[in-house]
Amino acid sequence: MPELPEVETIVQGLKTTLSQQKIEQVRIYDSKLAKMLAGKQITGKRIVNIRRRGKYIIFELNEGLNLIVHLRMSGRLLYQQNERKPLRWVRAVIKLDNGLLVFQDRRRLGVMELSRSDDLNCRLGVEPLSPEFDSDYLGQKLAAGKRPIKVFLMDQAIIAGIGNIYAQEILFAAGIHPRRQALSLGDNEIERLGEAIRNVLRLAIRHQGTTVSDFQNADGTEGNFQNLLKIYGREKEPCLICQTPIKRIKQQGRTTYFCEQCQK
DNA sequence: CCGCCAGCCTGAAGGC
DNA sequence: TGCCTTCAGGCTGGCG
């Protein structure tokens with residue numbers, strides 16, 4: 001479900017409330033999750049910091065331990081001050097000294113693991129909102145990209161955090177056709193693409209992410225960016241710029257919407 | 001080495 | 001009403 005802006009929204013929502021809280025109890029309700037955490041002990045540890053890397057949520061605990069959560073398609077992390085009526089699809093509950101962190105996951109694809117080192121950095125490319133991400137980096141990676149630009153943008157080893165919705169919004173904003181080969185982009189297009197990546201992601205964070213079905217912030221509220229989507233989910237609707245009906249195609253098994261008039 | 005696809009899961013929605 | 005198919009915001013491993 002969530003991409004960078006949604007994960008960022010969750011992390012911001014949890015950061016101040018969870019920092020310095022102690023983990024009093026961990027309850028697991030899912031066999032796969034139990035296996036992932038088998039033999040690991042986090043009861044009694046304190047949450048020192050919470051941060052995001054790509055689409056991963058990292059709870060930094062004392063003694064150098066990291067609890068890493070990936071919500072995949074339908075996971076949620078909800079913070080509750082007091083125990084409330086039971087929710088569906090609860091896979092784990094972490095009881096803190098002043099509240100509860102509930103891991104809810106309808107499709108059970110989410111992942112939770114405990115690690116000592118930060119091996120995420122080996123798997124993930126740069127953060128698109130960091131200074132490291134500039135036209136030089138993007139241009140250099142694009143030059144080696146034989147795949148379509150849409151698929152390239154979703155490669156977490158190149159840029160961390162862009163998924164299916166934002167890849168499409170970014171390409172629409174940049175006026176680039178999703179089937180263009182990555183290495184075919186010219187200098188102006190690279191510049192435009194970099195700007196679009198930063199602008200779309202920043203705007204989506206400002207609007208607390210996109211809720212099309214499952215996404216909720218840590219306090220249970222939904223995002224607002226779905227009201228600002230310009231291309232995703234709009235098959236056959238007139239393009240907001242040129243009125244041409246929006247097209248829908250498949251790329252590597254994922255749906256892509258685009259305007260063949262505005263995206264060249 | 002690289003690109004692609006099935007598989008992992010469940011539930012909602014649409015067709016018949 | 002109910003059954004069947006398709007689809008969904010992600011990632012991985014294995015195949016060609």
Side-chain angles (χ1 to χ4, degrees), chain A residues 1-11 29-36 52-57 68-77 87-92 103-113 115 119-120 122-125 128 141-172 178-184 200-201 203-205 207-217 222-236 248-257:
Chain A
M1 157 205 43
E3 307 180 33
L4 186 153
E6 289 75 40
V7 177
E8 181 66 28
T9 301
I10 291 170
V11 167
Y29 301 99
D30 178 277
S31 56
K32 264 183 14 185
L33 207 56
K35 256 175 227 164
M36 291 179 211
R52 178 190 62 73
R53 177 79 171 93
K55 300 175 197 170
Y56 292 84
I57 300 163
I68 297 171
V69 179
H70 196 303
L71 302 170
R72 296 280 176 96
M73 296 288 262
S74 59
R76 290 173 181 164
L77 277 182
L87 300 164
R88 293 179 82 181
W89 313 309
V90 171
R91 302 182 68 198
F103 181 33
Q104 198 186 14
D105 189 3
R106 185 167 59 86
R107 291 174 67 181
R108 298 174 53 224
L109 297 171
V111 170
M112 224 181 212
E113 58 191 357
S115 82
D119 61 349
L120 289 182
C122 308
R123 286 185 258 171
L124 299 176
K141 292 291 183 187
L142 283 165
K146 291 202 68 179
R147 292 168 296 170
I149 185 65
K150 152 86 173 344
V151 175
F152 173 94
L153 287 177
M154 290 174 65
D155 185 340
Q156 303 302 301
I158 296 172
I159 306 169
I162 299 172
N164 198 34
I165 290 183
Y166 293 108
Q168 298 171 54
E169 294 298 315
I170 286 163
L171 288 172
F172 180 74
R179 281 203 167 122
R180 284 276 299 280
Q181 209 177 26
L183 57 77
S184 76
V200 168
L201 295 178
L203 191 64
I205 291 171
H207 290 269
Q208 322 250 65
T210 302
T211 299
V212 296
S213 62
D214 289 299
F215 171 65
Q216 287 185 359
N217 193 350
E222 302 194 332
N224 298 302
F225 196 69
Q226 63 277 10
N227 304 316
L228 299 177
L229 294 174
K230 296 200 164 103
I231 198 80
Y232 177 82
R234 292 184 180 267
E235 188 188 10
K236 294 179 185 156
R248 170 187 169 140
I249 55 172
K250 282 260 182 213
Q251 293 181 282
Q252 284 202 174
R254 313 295 300 276
T255 305
T256 306
Y257 301 88

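Proteins come first, then strands; the chains are lettered A, B, ... in the order of their sequence lines, and each starts at number 1.
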Note to self: With a 4.0 Å limit, can you tell me whether Arg123(A) has a side-chain N or O closer than that to the phosphate oxygens OP1/OP2 of dC11(C)?
What the structure shows: no

Margin query: Would you say Lys32(A) places a side-chain N or O within less than 4.0 Å of OP1 or OP2 belonging to dC9(B)?
Written below: yes

Note to self: Can a donor-acceptor pair be found, under 3.5 Å and without considering hydrogens, that links the side chain of Arg91(A) to the backbone of Lys32(A)?
What the structure shows: no

Note to self: Let me spell it out: for each of His70(A) and Arg106(A), pick the nucleotide of DNA chain C with the closest heavy atom. Which residue's pick is nearer the 5' end?
What the structure shows: Arg106(A)

Note to self: With a 4.0 Å cutoff (strictly under), does any side-chain N or O of Trp89(A) reach OP1 or OP2 of dG11(B)?
What the structure shows: yes

Check: More 5' along DNA chain C: Arg248(A) or Tyr56(A), using each one's nearest nucleotide?
Finding: Arg248(A)

Check: The side chain of Arg72(A) lies closest to which of these nucleotides: dC4(B), dC9(B), dC11(C)?
Finding: dC11(C)

Note to self: What I want to check is whether an N or O donor and acceptor connect the side chain of Arg107(A) with the base of dA8(C) at under 3.5 Å.
What the structure shows: yes

Check: Of all the choices, dG3(B), dA8(C), dC9(B), which nucleotide is nearest to the side chain of Tyr232(A) once you look at every atom?
Finding: dA8(C)

Next item on the list: Could you please name the option among dC11(C), dA8(C), dA12(B) that lies closest to any side-chain atom of Arg88(A)?
Entry: dA12(B)

Check: Which of the following nucleotides, dG3(B), dC8(B), dA8(C), is nearest to the side chain of Met73(A)?
Finding: dA8(C)

Margin query: Any side-chain to backbone donor/acceptor pair from Glu3(A) onto Gly163(A)? Under 3.5 Å, distance only.
Written below: yes

Notebook entry, point to check: salt bridge (charged side-chain N to carboxylate O under 4.0 Å, His left out) between Asp214(A) and Arg107(A): does it pass, once the steps are laid out?
Noted result: CA-CA 10 Å; Asp214(A) 289 299; Arg107(A) 291 174 67 181; over 6 Å; no

